[in-house]
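These numbers were taken from a predicted model, which means no experiment stands behind them. Hydrogens, waters and symmetry mates are skipped; everything else that's a heavy atom, side chains included, is used.
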Amino acid sequence: MTTQTDIQGSVTATYKVSGMSCGHCEGAVSGEVSGLPGVSSVKAVATTGVVTVVSAAPLDEEAVRAAVDEAGFELVGKA
């Protein structure tokens with residue numbers, strides 16, 4: 001996971017997710033991760049498997065893993 005804090009005080013983290021192959025997959029992952037407390041933005045890209053999350057504070061990786069699992073995909077690790 002790459003983590004950085006931007007000017008507004010939010011944190012951006014990137015994760016690698018396996019199994020996404022289309023826009024529907026991106027939406028499923030984005031929808032589940034968006035439900036985590038403090039998340040303000042999620043961008044999932046099926047072609048690269050990278051999910052970028054902007055949140056108010058650093059997220060617990062296990063919470064992100066559970067959300068990705070709920071969407072039907074696997075969190076490989078930090079990107």
Side-chain angles (χ1 to χ4, degrees):
M1 168 183 68
T2 303
T3 305
Q4 64 187 38
T5 303
D6 68 19
I7 297 168
Q8 294 81 23
S10 60
V11 176
T12 301
T14 55
Y15 302 91
K16 185 76 172 171
V17 174
S18 68
M20 295 189 298
S21 61
C22 64
H24 181 267
C25 300
E26 293 170 346
V29 170
S30 294
E32 289 296 332
V33 176
S34 293
L36 295 174
V39 172
S40 58
S41 171
V42 179
K43 180 176 180 165
V45 180
T47 55
T48 61
V50 174
V51 178
T52 304
V53 183
V54 179
S55 57
L59 297 174
D60 175 54
E61 187 172 338
E62 288 308 309
V64 176
R65 184 178 307 283
V68 170
D69 286 348
E70 185 66 28
F73 302 94
E74 179 183 355
L75 179 68
V76 176
K78 302 167 184 178

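V68 places a side-chain heavy atom less than 4.5 Å from the side chain of V33. Inter-residue side-chain proximity for V29 and Y15 is flagged as unmet; no heavy-atom pair is nearer than 4.5 Å. Here the side chains of V64 and V53 are not in contact, with every heavy-atom distance at 4.5 Å or above.
The distance from the CG atom of L75 to the CD atom of E62 is 8.0 Å, given to the nearest 0.5 Å.
Taking each heavy atom of A28 and A71 in turn, the nearest pair found is O-CB, 3.6 Å. Across all non-hydrogen atoms, the minimal contact from A46 to C22 is CB-N, 3.6 Å. Residues G19 and C25 share a closest heavy-atom pair of O-SG, 4.4 Å.
With E74 contributing its side chain and S18 its backbone, the two residues share no donor-acceptor pair below 3.5 Å. S40 places a side-chain N or O within 3.5 Å of a backbone atom of V54 that can act as its donor or acceptor partner. Here the side chain of K16 pairs a donor or acceptor atom with the backbone of T48 at under 3.5 angstrom.
Remark: S34 engages V42 in a side-chain contact (heavy atoms from CB on, under 4.5 Å) (not counting sequence neighbours). In this structure A56 satisfies the side-chain contact (heavy atoms from CB on, under 4.5 Å) test with no other residue, sequence neighbours excluded.
Under the 4.5 Å side-chain contact rule for hydrophobic residues, L36 and M20 share a cluster.
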